[in-house]
Chemist: 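Would you mind keeping the following structure in view while I ask a few things?
Proteins get letters first, then strands, A, B, ... in listed order; numbering begins at 1 in each.
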Amino acid sequence: MPSTAIVWLRRDLRLHDHPPLHAALAAHDHVVVAFVLDPAILTGRFASGPRTAFMLDALRELRDAVRERGGVLAIRHGRPEEELPRLAAELGAEAVYWASDATPYAMARDRGVREALAAADPPVGAVPGPGNFVADVGVPRTRGGRPFAVFTPFFRVWGTLDRRAVHRAPQAIPRPPGGITAGTIPSPADLGLADDLVGERAVEPGETAARAALQRWLDGPLPDYADQHDHVAAGSSALSPYLRFGCLSPRELEERAARRGGAGAEAFVRQLAWRDFYAHVLLHHPGDARHEHQERMRQLAWEDDAEGLRAWREGRTGFPLVDAGMRQLRASGWMHNRARLVVGSFLTKDLGIDWREGEAWFMRWLLDGDVASNNGNWQWIASVGVDPAPAFRRILNPTLQQQRHDPDGEYVRRWVPELRGVPDELLAEPWRMSDAQEDAAGCRVGRDYPAPIVDHKEERQRALARYRDVPAAASS
DNA sequence: ATACAGTTGGG
DNA sequence: CCAACTGTA
């Protein structure tokens, strides 16, 4: 009696190095690849037009890739705990395979699916497996047996964890005989997202584009990554949207970077470890998704500053690097990581606005918007999360950061065109231009480009006071 | 003299 | 990480 399995895709939209797909093909005669368009994707707390559109494009390509291998990608619309048992019954499938995730939503959803499959008649097996992280993020523990809350010791242990083999893409994905309703992949317009997209996506969706970008990265800039990664005009891999949707396997990335060796590859693998670290943290502290990891910091007095928030979102704070980053995000769905730190410090320290406002805005626009990494990084720059450091070490001076990380102004001039004529020496502090310099630059501060909305030096002092004045944690 | 490299203190 | 301070040229 031939057996059939379902491979349920979620954030792992690829055929290369896909452990659940590999395992299902090894154990069953027929495999159906499935994707469930969960309403939570479209209406949940972190719904995002640009990200949903990216995902739909990746799915379309994947459907064709599965088809070329003789298989079928079944698209279903609805809640996974209802759609998967129904699909299993339709196919007579014995088991559903998937790659585990770490967010509270995914954990609860997957538990519901497991229970619904077990309760089906006949019961359907649930086979969660690896695939979304380099290593098993549920495993590492400190000597004291606790989950890690500091990156460096996590990284040491992470480096010693078992690594699974990297799998090739399957040559064939045999589908069961008989008809299967493939289902339709909607267009962004079908979902009412047409007005909620970015103009020029930072990267092209899909596994083919992802693998080409990876190859270019490995053959090109990777060796210089250790020195260059903070250069906002270039420097980083920009592979993050592919990791977000699993168009690339993080484990394969590690393997292929490590094979090149050198300081650049090492620094790049370290960044992959940060991604695993934040998944590890959220897995063990699901409450972090909504509130500060540091209990004491839950009493921080955030400012209510609608005008400041608007200026930040729109990239008109008067600090060129901040504005360049925010405009890059809005225009392309991506922002260089160094710029993320600078705009994050500016929102939470200079403006004193709640980091959750920044987290939500990033989740709305980032193609790589990932709950664990985004939340972890926002808490990090807001000095309220894991990997603790005193606030004064994470108040970034936007002017110094620009001079250091965009010294020739390439990034700022690209994203803040009204500053293009400003000479390098003044580009980080355009408000210091004389009238004559403004005329020469063709840019008058206060008219063509905003005057700074705050005094950084003053806000730095106010931020230090805000953090200093948080009451000590109540003793129990 | 001011400009800069290096050091230090900050919760 | 930043800013203030120190010593040096």
Chemist: Quickly work out the F392(A) CZ to dA3(C) P distance and round it to whole Å.
Modeler: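 After rounding, the reported distance stands at 13 Å.
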
Chemist: Could you check how far NE2 of H456(A) sits from C1' of dC2(C), rounded to whole Å?
Modeler: 8 Å

Chemist: Take atom CZ of R460(A) and atom P of dA4(C), then tell me their distance rounded to the nearest Å.
Modeler: 8 Å

Chemist: Does the ring of W312(A) carry R310(A) above it, NZ/CZ under 6.0 angstrom from centre and within 45° of its axis?
Modeler: no

Chemist: Could you check whether R394(A) pairs with D387(A) (Lys NZ or Arg NE/NH1/NH2 to Asp/Glu carboxylate O, under 4.0 Å)?
Modeler: yes

Chemist: Assess whether a salt bridge exists between D408(A) and R413(A), defined as any Lys/Arg side-chain N lying under 4.0 Å from an Asp/Glu carboxylate O.
Modeler: no

Chemist: Which whole-number value in Å describes the distance from L400(A) CG to dA4(C) C1'?
Modeler: 13 Å

Chemist: Does N397(A) place a side-chain N or O at less than 4.0 Å from the phosphate oxygens OP1/OP2 of dC1(C)?
Modeler: no

Chemist: CD1 of I395(A) versus C1' of dA3(C): gap in Å, rounded?
Modeler: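 Those two atoms, CD1 and C1', are 11 Å apart.
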
Chemist: Mind calculating the distance between CG (L464(A)) and P (dC1(C)) to the nearest angstrom?
Modeler: 16 Å

Chemist: Can you tell whether the side chains of R51(A) and D196(A) come within less than 4.0 Å, N to carboxylate O?
Modeler: no

Chemist: Given dC2(C), dA4(C), dG11(B), which nucleotide is nearest the side-chain atoms of L396(A)?
Modeler: dC2(C)

Chemist: Rounded to the nearest Å, what distance is computed from the CE atom of residue M297(A) to the P atom of nucleotide dG11(B)?
Modeler: 13 Å

Chemist: Can you tell me how far C1' of dG9(B) sits from CD of Q461(A), to the nearest Å?
Modeler: 13 Å

Chemist: Base, sugar-phosphate alone, or nothing: which one does R404(A) contact when heavy atoms must sit under 4.0 Å apart?
Modeler: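 Sugar-phosphate contact only.
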
Chemist: Quick one: label R393(A) by what it contacts on the DNA or RNA (base, sugar-phosphate, nothing), any heavy atom closer than 4.0 Å.
Modeler: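 Counting heavy atoms under 4.0 Å across all strands, the contact made by R393(A) includes a base.
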
